[in-house]
Protein chains: 2
Amino acid sequence: MATIKDVAALAGVAPASVTRVLSGHPNVSPRLRERVLEAVRESGYKPDLLAAGLRRGSSRTIGVIVSDIINPLLAEVVDALEVKLRAHDYSVLLANSHGDPARDVEAVSLLRQHRTDGLIVMVVDETRAELKEALRTSPVPVVLLDRTVEGCDDASVVTSDHRRGTRELTRHLLDAGHERIGYLTGPLGTTYAGRERMAGFLAALHERGLELPERYIQSSRATPEFGQRATAALLDDPEPPTAIVAGPNPMLVGMLRELQERGVMVGTGIAVACLDDPPIAFLHNPAITALSRDIGEMADTAASLLVATLSGEMRQPRTVVLPMHLRRRASTAAPVPAAPVAPSATSR
Amino acid sequence: MATIKDVAALAGVAPASVTRVLSGHPNVSPRLRERVLEAVRESGYKPDLLAAGLRRGSSRTIGVIVSDIINPLLAEVVDALEVKLRAHDYSVLLANSHGDPARDVEAVSLLRQHRTDGLIVMVVDETRAELKEALRTSPVPVVLLDRTVEGCDDASVVTSDHRRGTRELTRHLLDAGHERIGYLTGPLGTTYAGRERMAGFLAALHERGLELPERYIQSSRATPEFGQRATAALLDDPEPPTAIVAGPNPMLVGMLRELQERGVMVGTGIAVACLDDPPIAFLHNPAITALSRDIGEMADTAASLLVATLSGEMRQPRTVVLPMHLRRRASTAAPVPAAPVAPSATSR
DNA sequence: TTGAAAGCGCTAACAA
DNA sequence: TTGTTAGCGCTTTCAA
């Protein structure tokens with residue numbers, strides 16, 4: 001690997017001149033620029049980003065923390081972030097919490113050690129004291145995606161209008177005559193998005209003077225496995241819900257699996273909806289009512305806020321709330337099932 | 001941010017001693033170890049990985065190149081890789097080619113600049129001359145996942161038995177009476193997995209003395225959009241296929257979308273299969289015949305090979321071929337549609 | 001067992 | 001406009 005010294009020697013100039021040419025310094029004679037570029041070409045020199053980063057105090061790297069990359073929503077976000085950040089010459093250092101709040105905290109500290117220039121954060125649990133502390137004291141700018149962190153006042157926030165969206169979706173179910181609605185959610189209260197969704201759900205119920213038994217709200221880790229178990233619990237209820245709303249995508253997968261195994265028909269046997277809009281939702285037969293949003297816009301907004309902060313263009317943190325759209329589909333179109341779904345013995 | 005000097009001063013020792021304590025050097029007095037650890041705790045010191053990396057020549061970072069993180073298969077691989085590598089104290093630097101072969105090449109060079117200690121590679125196009133050159137001359141070990149690169153003889157390879165799997169799946173279709181089979185694939189010949197799949201497909205046909213018209217093989221970028229177009233082209237054929245095999249997951253999504261829009265019923269109107277097994281495949285109604293494999297095993301194998309190479313335990317590159325399993329499902333269970341599917345005017 | 005010193009490759013400040 | 005010098009924070013000789 002050629003170093004800057006090799007290039008300098010080859011061009012017969014000082015190392016600093018090589019830096020100047022490559023970083024686009026204004027005062028460089030065309031002659032010198034010429035010779036340096038030629039030497040760079042000849043030697044195939046590429047700067048060592050570790051060394052440059054150490055010296056400069058910035059690594060041209062952005063840390064991205066996601067709760068679970070398998071969630072297609074988050075995969076799409078990471079994809080869009082990567083493209084956008086790369087366009088600004090930043091690489092993405094990915095940290096995946098894998099559903100474990102302890103890993104959230106580790107991730108922040110690890111990314112700091114890697115001297116990432118900024119953080120984009122979609123943690124599992126934003127309420128952890130250590131996490132709040134770690135983010136609050138972050139020496140680099142932070143953008144929260146669908147999260148808010150108490151005391152972390154310098155962070156910008158990009159989120160979607162989960163509350164309004166979920167309220168609208170719930171109203172839609174109520175209008176279709178459902179009064180017993182099951183609700184699958186990740187751990188309660190651990191994310192802003194989760195709380196807003198829940199608030200929207202409850203608001204719609206309260207508008208109609210409805211109160212659900214607590215057991216209709218199933219909270220667990222947001223994985224297909226737990227989603228499946230939670231669905232089983234709902235279906236086994238002596239008075240099972242006539243509709244189920246799955247919040248996180250992975251729980252939708254588990255729910256569909258359980259319905260499939262029991263032979264309960266989506267749409268006719270039970271109404272079903274999701275609070276995000278992954279491909280499974282619209283490809284399912286019948287298609288599943290869902291809340292959709294522009295994920296590219298979400299990621300671009302987050303990346304732009306971070307880059308603007310890093311470049312010094314933006315001094316104050318901002319909060320951006322993006323719209324969500326209710327997609328009414330066949331899974332909620334049928335009239336309410338006449339009789340309660342019978343608990344099935346074929347479970348699992 | 002406390003540096004090693006701060007810790008050394010606080011403990012009244014030399015910086016080198018701090019390093020020794022923290023890296024578990026054998027000859028350290030308990031007294032000194034004690035004092036250093038106390039100072040570390042008190043100052044909240046965390047080593048700067050850029051500086052350590054520069055000095056040591058290794059960044060504790062592994063570069064992972066994926067063609068498209070939105071593909072649930074690749075998302076799952078990245079997830080599993082991250083968990084496994086983190087357990088060995090490596091972080092993942094993610095590079096996403098986004099379906100663009102030019103970005104493959106950039107990714108290799110960028111990751112090299114970041115001084116990643118190793119590379120795990122699932123590029124878009126393994127046949128690009130620049131890419132082959134870049135990988136061949138990689139100063140760090142490379143593991144190819146579902147790829148092979150000519151001249152890159154030091155790289156280990158982890159792949160699945162695509163040829164056998166695809167042949168078996170195709171036989172299954174033939175056994176069900178299908179003789180006109182459409183085949184959706186990404187760009188032809190650009191990956192080992194793609195070539196093996198195609199070889200398996202053709203082998204099964206040849207066994208039966210069948211030859212398909214070229215237009216039944218639809219090759220394009222592996223995205224839902226192109227998958228949808230390719231499906232439309234197949235359905236608009238004067239003699240449309242009675243079965244369609246989608247290779248890449250994103251093309252399956254596009255295919256299902258087109259079928260849905262045209263109201264062609266999967267299973268009865270047309271048989272359908274996929275060469276991987278994403279959640280959509282088994283959740284679709286009717287469920288879709290697919291080839292499944294243990295993705296965790298795949299990722300763990302790749303990570304282990306890389307780590308073993310890095311630690312010096314493994315001197316020679318290895319090739320590991322993992323099995324694939326045919327999941328026969330309802331999408332291919334119905335008898336061959338009696339009449340050819342009529343080209344529809346409702347296309348798009 | 002511990003410390004002092006050198007240097008990884010780069011860039012920024014200062015001089016010329 | 002260009003070169004010289006110093007040093008980012010760490011680890012690794014080498015010496016004590």
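Every chain is numbered from 1, with letters handed out A, B, ... down the list of sequences. Note that the structure is predicted; figures quoted are calculated from it, not measured.
- What separates NZ of A/Lys5 from C1' of D/dT4 is a distance of 13 Å, to the nearest Å.
- Salt-bridge formation is detected for the pair B/Arg136/B/Glu133: a Lys NZ or Arg NE/NH1/NH2 atom is positioned less than 4.0 Å from an Asp or Glu carboxylate oxygen.
- Heavy-atom distances to DNA chain C give each of B/Ala14 and A/Ala16 a nearest nucleotide, and the one nearer the 5′ end belongs to B/Ala14.
- Residues from residues 19-39 of chain B placing a heavy atom under 4.0 Å of any atom in DNA chain C, listed by number, are B/Arg20, B/Asn27, B/Val28, B/Ser29, B/Leu32.
- In this structure, A/Ile4 places its CD1 atom 14 Å from C1' of D/dT4, rounding to the nearest Å.
- DNA chain D is contacted by A/Leu54, A/Arg55 of residues 43-57 of chain A, taking any non-hydrogen atom closer than 4.0 Å.
- Residue-environment remark: CD (B/Glu130) exceeds the threshold of 12 foreign heavy atoms within 6.0 Å.
- Nucleotides of DNA chain C that come within less than 4.0 Å of any heavy atom of chain A span, from the 5' end to the 3' end, C/dG9 to C/dA13.
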Q: Kindly indicate, with the supporting measurements, whether the criterion side-chain contact (heavy atoms from CB on, under 4.5 Å) is fulfilled by A/Val158 and A/Leu305.
A: CA-CA 9 Å; A/Val158 178; A/Leu305 288 176; 3.6 Å; yes
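- Distance OG/A/Ser97 to CD1/A/Ile65: 6.0 Å, rounded to 0.5 Å.
- Two residues are said to be in side-chain contact when any heavy atoms from C-beta on lie closer than 4.5 Å; A/Val124 and A/Thr191 fail this criterion.
- With salt bridges taken as basic N to acidic carboxylate O contacts below 4.0 Å, one links A/Asp48 and B/Arg115.
- Side chains of A/Val140 and A/Asp117 form no contact here, defined as non-hydrogen atoms less than 4.5 Å apart.
- Here the OG1-NE2 distance, from B/Thr116 to B/His114, works out to 9.0 Å after rounding to the nearest 0.5 Å.
- For A/Glu38, the CD atom counts as densely surrounded, since its 6.0 Å shell holds more than 12 non-hydrogen atoms of other residues, nucleotides or ligands.
- The only option from A/Leu22, A/Val36, A/Asp6 that meets the side-chain contact (heavy atoms from CB on, under 4.5 Å) definition with A/Tyr45 turns out to be A/Leu22.
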